Number of protein chains: 2
Amino acid sequence: MTDDLDKSTFERSCCPIACALDYLGDKWTLLIIRDLLLGKKRYQELMASPKRIATNILADRLKKLEASGLVIQQAYQQKPVRYEYVLTKKGEDLRPVLEALVKWGKAYFPGVRFLNPMNKD
Amino acid sequence: MTDDLDKSTFERSCCPIACALDYLGDKWTLLIIRDLLLGKKRYQELMASPKRIATNILADRLKKLEASGLVIQQAYQQKPVRYEYVLTKKGEDLRPVLEALVKWGKAYFPGVRFLNPMNKD
DNA sequence: CGTATTAACTTGTTAAATGCAAGTGACTGT
DNA sequence: ACAGTCACTTGCATTTAACAAGTTAATACG
């Protein structure tokens, strides 16, 4: 169904891509969602990704993800209360987007570790 | 094939998603690619999208897209030389990513124009 | 009891990216 | 000659992100 991406879709005055990117269009949000899809739940797990996100940015993105209904907090202990972060259905439903990105990334950066000097992983 | 997104993929020290987002992970790049996929070619066409991109940002993103091989410039006239921008195969191959985003956006923001006060389209 | 460690953040400051307005150069059309 | 178009560039203000350090509430160790 290749014409999900057609003119009429786009010309409605709010394009679903533009709307989606209001939530996802930055450097970190999709990487956090990737980690959550892979089963990470806790702050330290999310901090531990190969690409090091600054702690204030992670905290900020988690707040925004919660505010936009992609993620919920669940307490996993009391004293002190600590939360883990779990994707809602809305968040889970981004899996195909990430999968499409994986496919593209694999096709065009198969050995990127050695080719891309910008890569700090 | 839902386990394109599995641990082994991710744990190789450069995740294809992370690599892809080095190119695409900002506010404007994917919107420009959307427009190019929809057949826009010239600077003014790209400027004319509902979401208004600043002209310096558009010029900068087009340069970066060219540098990373997603787009090429083609002269459509001499005197003065003017170029249009066309996706390479590498750029075209992002279509499934954008289609997945459209699907998600349609599912979760069906009437977003009236619901989202942040929307300036 | 006191010090150390862990988890999950927050705060302050600096650096980088983005946004906005105006300007430039090479033309064309009147 | 002058106005207009196209595709940018430049300078500056504002916003966002990065880096480093500090905080709070607890448990674990000696």
Side-chain angles (χ1 to χ4, degrees), chain A residues 17-18 21-36 39-68 71-87 117-121, chain B residues 17-18 21-36 39-68 71-87 117-121:
Chain A
I17 297 176
L21 291 178
D22 282 343
Y23 293 89
L24 311 170
D26 78 311
K27 205 165 157 180
W28 292 109
T29 301
L30 281 170
L31 285 175
I32 294 168
I33 291 170
R34 170 202 67 179
D35 284 352
L36 294 170
K40 295 190 179 186
K41 289 168 194 283
R42 297 188 187 175
Y43 201 86
Q44 288 304 315
E45 291 180 289
L46 294 166
M47 283 299 293
S49 273
K51 263 201 178 194
R52 309 303 305 273
I53 186 173
T55 178
N56 56 338
I57 301 297
L58 177 58
D60 178 77
R61 286 313 112 90
L62 287 171
K63 262 177 212 156
K64 286 181 177 163
L65 284 170
E66 217 202 336
S68 47
V71 159
I72 47 167
Q73 281 190 318
Q74 288 180 342
Y76 68 87
Q77 66 167 45
Q78 305 296 325
K79 298 198 304 174
V81 188
R82 296 219 183 286
Y83 297 96
E84 40 190 32
Y85 297 90
V86 180
L87 289 167
M118 304 307 280
N119 173 37
K120 290 184 211 78
D121 286 359
Chain B
I17 298 176
L21 291 178
D22 283 343
Y23 292 90
L24 310 170
D26 78 311
K27 205 166 158 181
W28 292 109
T29 300
L30 282 171
L31 284 175
I32 294 169
I33 291 170
R34 171 201 66 179
D35 283 354
L36 294 170
K40 295 190 180 186
K41 289 168 194 283
R42 298 190 185 171
Y43 200 86
Q44 287 305 314
E45 291 180 289
L46 295 166
M47 282 300 293
S49 273
K51 262 204 178 190
R52 310 302 306 273
I53 186 173
T55 177
N56 56 337
I57 303 296
L58 176 58
D60 177 77
R61 286 314 112 91
L62 287 170
K63 262 176 211 155
K64 286 180 178 163
L65 284 169
E66 217 201 336
S68 48
V71 159
I72 46 166
Q73 282 190 316
Q74 289 181 339
Y76 67 87
Q77 67 167 44
Q78 305 297 323
K79 296 198 310 174
V81 188
R82 294 218 184 290
Y83 298 97
E84 38 190 34
Y85 297 91
V86 181
L87 290 167
M118 304 306 281
N119 174 36
K120 290 182 208 80
D121 286 359

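Order of the sequence lines sets the chain letters (A, B, ...), proteins ahead of strands, with each chain counted from 1. Keep in mind it's a predicted model, so treat the numbers as computed, not measured.
A sub-4.0 Å separation between OP1 or OP2 of D:dT16 and a side-chain N or O of B:Lys27 is absent. Between A:Tyr85 and C:dA7 there is no side-chain polar atom (N or O) within less than 4.0 angstrom of OP1 or OP2. Contact annotation: B:Lys63 reaches the phosphate of D:dT9 (side-chain N/O to OP1 or OP2, under 4.0 Å). For C:dA8, one of the phosphate oxygens OP1 or OP2 lies less than 4.0 angstrom from a side-chain nitrogen or oxygen of A:Tyr76. Between C:dA17 and B:Trp28, no contact under 4.0 Å exists linking OP1 or OP2 to a side-chain N or O.
Side chains of B:Gln73 and B:Tyr85: a donor on one and an acceptor on the other come within 3.5 Å. Between B:Ser49 and B:Lys40, the side chains place a donor N or O and an acceptor N or O closer than 3.5 Å (distance only, hydrogens not considered).
Between the CG atom of B:Leu46 and the P atom of D:dC6 there is a distance of 13 Å, given to the nearest Å. Regarding B:Arg42, its CZ atom lies at a distance of 9 Å from the P atom of D:dC6, rounded to whole Å. Following rounding to the nearest Å, A:Tyr43 (OH) and D:dA26 (C1') show an atom-to-atom distance of 18 Å. Rounded to whole Å, atom P of C:dA17 lies 9 Å from atom CG of B:Asp60. Regarding B:Asp26, its CG atom lies at a distance of 14 Å from the P atom of D:dT16, rounded to whole Å. Rounded to a whole Å, the NZ atom of B:Lys40 is 16 Å from the C1' atom of D:dC6. Across the protein-nucleic acid pair, B:Met47 atom CE and D:dT9 atom P stand 13 Å apart, rounded to whole Å. For the pair B:Gln73 CD and D:dC8 P, the computed distance is 6 Å after rounding to whole Å.
Residue A:Asn56 is in base contact, counting any heavy-atom pair closer than 4.0 Å across all strands shown. Note on B:Arg52: nothing from the nucleic acid sits closer than 4.0 angstrom, heavy atoms only.
Residue order along DNA chain D, read from the 5' end via each residue's closest nucleotide, puts A:Arg61 first among A:Arg61 and A:Lys79. Residue order along DNA chain C, read from the 5' end via each residue's closest nucleotide, puts B:Ile53 first among B:Gln78 and B:Ile53. Positionally, the nearest nucleotide of DNA chain C for A:Leu62 lies more toward the 5' end than for the other of B:Lys64 and A:Leu62.
Counting heavy atoms from C-beta on, the side chains of B:Ile53 and B:Leu46 never come closer than 4.5 Å. The shortest side-chain heavy-atom distance between B:Leu31 and B:Asp35 does not fall under the 4.5 Å cut-off.
Residue A:Tyr23 holds its OH atom at 14.5 Å from CZ of A:Arg61, rounded to the nearest 0.5 Å.
The side chain of A:Ile57 lies closest to D:dA18, out of D:dC8, D:dA18, C:dC27. Checking C:dA26, C:dT10, C:dA21 against every side-chain atom of B:Thr55, the shortest atom distance belongs to C:dA21. When distances are taken from the side chain of B:Pro80 to each of D:dT9, C:dT10, C:dA26, the shortest belongs to C:dA26.
Residue side chain A:Arg82 does not reach the base of C:dA8 through any donor-acceptor N/O pair under 3.5 Å, judged by distance alone.
Across B:Val71, B:Leu62, B:Ile57, a single residue satisfies side-chain contact (heavy atoms from CB on, under 4.5 Å) together with B:Ile32, and that is B:Leu62.
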